[in-house]
Amino acid sequence: MSAESFVILAYVIGLSILLGDGALVWWRLRRRAGSDHDTTVEDRRRPEA
Amino acid sequence: MRAMLLESSIRLNTHAAAGVTDVCIRAERLGKVIDGRMVLKDLSFEVARGMIVSVLGANGAGKSTLLKLLATLTSPTSGRLELFGRPPDGARSRARIGLVGHETMLYRDLTALENVMLTARLHGVPEARARALTMLDRLGVAERAGDAVRNLSRGTAQRVAIARALVHGPDLLIADEPFTGLDVGSCGVVERVFSEFRARGGTIVMSGHDVEQALRLGEHVLLLMEGRLASSEASHRIEASNLRKRIGGRE
Amino acid sequence: MIALRQILLLLGKDLRIEARTRQALALVLVLGILIVVVLALGLQGGNARGGLSATAILWVAYLFGGAMCFEKTMAVETHDGALAGLLMAPMDRGVIYLSKLLANLVLMATLAIVITPVGVVLFGFDLSRAPLAFASVVGASLIGYAAIGTLFSGLVASSRLSGGLLAVVVFPLSLPLVIASTQLLKGVFEHGNALDASAMGVIVAFDVIFLTVSWIVFELVIEP
Amino acid sequence: MSSSTRKLVIRAYWIVTLLVLAVGVWLSAYYAPIESEMGVIQKVFYFHLPAAFCMFGACFLVFVAGAGYLWQRDQRWDDLADAAAHVAVLLASVVLLTGMLWAKKAWGQWWTWSPRLTFSLILWLLYVVYLILRASIDSAQKRAMVCAVYGVIAFLDVPLVYLSVKLMDDIHPSSVELEPSMLLTLIVWMAGVALLTAGLVAGRFRLARISHKKSHDASGVTGGMA
């Protein structure tokens, strides 16, 4: 395998781990917050007028 | 570290020396949260010196947590607690408290005498060995002094545990279901020791399930339901059967 | 000093219990020996003859044997709620940590004294060149390991966790000790140079940092 | 700050982060020159070093949160430690994998006991154990306490790991002088990975806060947190 493919592999793996986790967290946040008909913690304290 | 340098005050049973106020325990709006759950909610009560108070309630009502709190093993999440007229401050308060827990709190590989002597020495009691032997004798287990705790029956071990809790002459005895698992003979002995302790000005807070015994021994009953103080009355004003219903009702 | 008296009292209690439960201690020692024997068999011949691998293998035995000792001395307190009894005594909670630490050190010393000869014999590890260096390096390292082991055995016991967890927690934390001591002893036994100061410095720094921090934190977190 | 503006800010944040990372990728691929001595493989450095740096930052955050919890016993510190530890392990995995790929190409084998690789391996171990510890205690208060202590002790261990690892003989000393263009690429990547790390920690922190709020709304013990 050529050096270029090693470099590309390194970046792909690294970024997919980090961005993958970001996507996972974002999805869980939407599902968790979503099931709250989308009110976040602050709103419960100060509901919209 | 501050307590580290503290000379442990030897609590002999002379009240004059101890600057005793008449109130032994004062609780104001005590609350305790464990893992997000309010185990004790807004408890306020007072226990005068020289009184025996029974704490009753269904399992999970918070009895053990309250007793642990009074023994200063855990601190309240909210509210104020005063022992002997002062907020509990670690070693100084604990020197005046004896605890009998659900478990025996003894080292099973040590003998009964060694266990009681260890506590006596830790409290700096002079003549630890003699003092320990007298306590064991008072609880009627002197002849088992040399046996390892692992070989003792539940009742005998419980009596050794009570001897250990009283060996340093505390002012306040906290007992979590001291009579559970005791045969009739042992109960008699323990009741006698408790009334002797009270006669010398000691205060006792004990939990239990036996309503008759609680009313007979204790002058005052605290009824706990789901962490709240359902009632706090003198024993003579309580009728055993409806008290049992109130506890039973919740089970 | 009341506290010193209390520490010795509790140490006496722990050692008396260990003496009474000798068979449990024998189990730990035999395990240590087993580890060394199995590894020695596995590495038969090859380049295993010599200081570095012997120290590394002895470390495996020290780590596992040590973890069992820490667990054992703390299990004594969790049986029948004995720890609550101790916590009711009018003394600084740090006394409990220090007495447990000393008890663990006595057990670790016993472990080392029994296992090290086995390693030396099986690996033909010529200790005679610098026995004092070996003893001081391993001794200092075991103090640091016991400092961390005592703290976490208290934590693991008070939250009623499975035994294996203690080993998982303390091994990575103790790697600086393992690395520093093996490198140091390799220098001494294979290249014959004197005790390297910076390596010894790492071990001593480890001991000092974790003895103080563990002692302070133990007091904060120990509860019945 | 109402919910809609907050969502906007979050979206903007992530767009900026992805943009910076994209620029970084472009810079690494086309702008940064090929290093004379190590060759193309050196380009992994622009991602490897920032990841290691942010890993170290995340470990420090676990320490701060642990110390905070020990001091104030506030669940929010514990949630922060939880978030930071997860991200620290992720970053350590990235550092390890990129390091191994580099080692394979540069020195022919996947693993060498070079101090830097050993250091990141031990760090990875330390914080994976943190996650195991967190997963094996069910009582919230005890978990927070034990993890806080471990978080503090593990971080105090890091400099000692570094010092002891330096004692090991380093067979492949690799020090690289950076030309200005290389430096620019590195800085862009540092910014990108830092933004990414902060975003992940914040996201996981909110996740922990929300799951707390949901699990025992009745008592409302743990107040809402902006």
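By convention in this document, chain letters (A, B, ...) are assigned in the order of the sequence lines, proteins followed by strands, and residues within each chain are numbered from 1.
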Novice: Taking C-beta and beyond as the side chain, do C/L165 and D/I132 meet within less than 4.5 Å on heavy atoms?
Specialist: yes
Novice: Can you say whether C/L184 sits under 4.5 Å from chain D via the side chain, the backbone, both, or neither, judging by heavy atoms?
Specialist: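 Neither part, no heavy atoms under 4.5 Å.
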Novice: Chain D heavy atoms under 4.5 Å from C/I209: which part of the residue, side chain, backbone, both or neither?
Specialist: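 Contact with chain D: side chain only.
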Novice: In Å and rounded to the nearest 0.5 Å, what is the CG to CE distance from C/L155 to D/M145?
Specialist: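 CE of D/M145 is found 8.5 Å from CG of C/L155.
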Novice: Can you tell which part of C/V169 gets under 4.5 Å to a heavy atom of chain D, answering side chain, backbone, both or neither?
Specialist: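 The answer is both parts of C/V169.
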Novice: Out of C/L173, C/V217, C/V202, return the one with the most heavy atom pairs under 4.5 angstrom to chain D.
Specialist: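 Option with the greatest count: C/L173.
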Novice: For side-chain contact (heavy atoms from CB on, under 4.5 Å), just list the numbers for C/S198 and D/L167, CA-CA rounded to whole Å, side-chain angles, deciding distance to a tenth of an Å, and then say yes or no.
Specialist: CA-CA 8 Å; C/S198 62; D/L167 300 171; 3.6 Å; yes
Novice: Is it the backbone or the side chain of C/F171 that comes under 4.5 Å from a heavy atom of chain D, or both, or neither?
Specialist: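 No part of C/F171 comes within 4.5 Å of chain D.
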Novice: Counting only non-hydrogen atoms closer than 4.5 Å, can you tell me which residues of residues 77-86 of chain D sit against chain C?
Specialist: none
Novice: Of the listed residues (C/S174, C/P176, C/G187, C/G201), which shares the most heavy-atom pairs with chain D below a 4.5 Å separation?
Specialist: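 Most pairs with chain D among the choices: C/P176.
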Novice: Would you mind checking which part of D/S139 comes under 4.5 Å of any heavy atom in chain C, side chain (CB onward), backbone (N, CA, C, O), both or neither?
Specialist: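 It is neither, since no heavy atom gets under 4.5 Å.
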Novice: Among D/I137, D/L163, D/L125, which residue forms the greatest number of heavy-atom pairs with chain C at distances under 4.5 Å?
Specialist: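 Among D/I137, D/L163, D/L125, the one with the most close pairs to chain C is D/I137.
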Novice: Listed by residue number, which members of residues 147-159 of chain D have a heavy atom under 4.5 Å from any heavy atom of chain C?
Specialist: D/V149, D/Y150, D/I153, D/A154, D/L156, D/D157
Novice: Relative to chain D, which segment of C/I148 carries a heavy atom at a distance below 4.5 Å: side chain, backbone, both, or neither?
Specialist: side chain
Novice: Using a 4.5 Å heavy-atom cutoff, which residues in residues 50-73 of chain D come close to chain C?
Specialist: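 Counting heavy atoms that sit under 4.5 Å from chain C, the residues of residues 50-73 of chain D involved are D/L70, D/R73.
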Novice: If we only count heavy atoms from C-beta on, is the D/V161 to C/L175 side-chain gap below 4.5 Å?
Specialist: no
Novice: Just give me the residue among C/I179, C/D196, C/V213 that pairs up with chain D most often, heavy atom to heavy atom, under 4.5 Å.
Specialist: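 Highest number of pairs under 4.5 Å: C/I179.
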Novice: Hey, is CG on C/L41 packed in by over 12 heavy atoms from elsewhere, all under 6.0 Å?
Specialist: yes
Novice: Any heavy-atom pair between the side chains of C/V221 and D/V146 that's under 4.5 Å?
Specialist: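 No, every pair of side-chain atoms sits at 4.5 Å or beyond.
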Novice: Quick one: side chain to side chain donor-acceptor pair (under 3.5 Å) partners of D/S93, sequence neighbours excluded?
Specialist: D/W124
Novice: Atom NZ in D/K166, atom CD in C/Q183: separation rounded to 0.5 Å?
Specialist: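 It comes to 13.0 Å.
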